[in-house]
Amino acid sequence: MKETFLDMITARSRDRVARVKTVEYARALRRRADASRQRLAPHRFAAALAENGRTNVIAEIKRASPSKGVINAGMNAPAQACRYARGGA
């Protein structure tokens, strides 16, 4: 029976998944992630939340919620983010 295009894609995907599941792949991925972190500036998130002398808040812009449904479908998220920033976020 002749191999179809779908058979070739499936075989390649199986090979790729088998490689990804190896311990060496996970180690290489960890090394790449660590090297990337070394090149980046440190995150200020934890430091910002730990600052004393002010209220520290995590703000989220949501138009809808899985449990409540639509909250504000017409909200302009970029404009709302600017309002948060002007307010000190």
Side-chain angles (χ1 to χ4, degrees):
M1 178 188 224
K2 184 179 176 187
E3 185 177 49
T4 66
F5 183 69
L6 183 58
D7 293 331
M8 291 185 322
I9 292 172
T10 303
R12 286 182 193 160
S13 293
R14 282 193 186 113
D15 290 345
R16 184 177 49 81
V17 168
R19 278 193 316 274
V20 167
K21 287 183 175 182
T22 66
V23 171
E24 184 52 40
Y25 182 87
R27 287 181 184 144
L29 185 59
R30 169 69 67 180
R31 284 191 301 270
R32 286 176 37 209
D34 289 342
S36 180
R37 281 190 201 99
Q38 295 300 317
R39 290 189 306 268
L40 299 174
H43 293 281
R44 290 189 6 89
F45 183 70
L49 288 177
E51 283 185 30
N52 292 321
R54 66 180 219 163
T55 302
N56 302 314
V57 177
I58 298 172
E60 179 180 15
I61 299 172
K62 290 182 79 168
R63 291 186 180 113
S65 162
S67 62
K68 297 292 183 181
V70 174
I71 297 169
N72 188 351
M75 178 187 32
N76 180 330
Q80 185 65 38
C82 288
R83 287 191 285 275
Y84 286 170
R86 282 194 306 271

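These figures come from a predicted structure and were not determined experimentally.
Side-chain contact of Asp7 with Thr4: a donor-acceptor pair under 3.5 Å is present, judged by distance alone.
With a 6.0 Å radius and a threshold of 12 heavy atoms from other residues, nucleotides or ligands, Arg32 has its CZ atom at or below the threshold.
Connection of Tyr25 to Val23 is not established within any shared hydrophobic cluster, with ILVMFWY side chains joined at heavy-atom distances below 4.5 Å, either directly or through further cluster members.
Considering every non-hydrogen atom in both Asn56 and Leu49, the closest pair reads ND2-O, 2.9 Å.
Of the charged side-chain nitrogens involved, at least one lies within less than 4.0 Å of a carboxylate oxygen, so that Asp34 and Arg37 count as a salt-bridged pair.
For the atom pair Arg31 CZ and Glu24 CD, the distance stands at 5.0 Å (nearest 0.5 Å). Here the straight-line distance linking atom CZ of Arg83 with atom CD1 of Ile61 works out to 8.5 Å at 0.5 Å rounding. The CG atom of Leu29 lies 10.5 Å from the OG1 atom of Thr22; values are rounded to the nearest 0.5 Å. One distance of note links CD of Gln80 with CZ of Arg63; it measures 10.5 Å at 0.5 Å rounding.
In this structure the side chain of Cys82 reaches within 4.5 angstrom of the side chain of Arg86, judged on heavy atoms.
The backbone N or O of Leu6 lies less than 3.5 Å from a partner atom in the side chain of Thr10, making a donor-acceptor pair.
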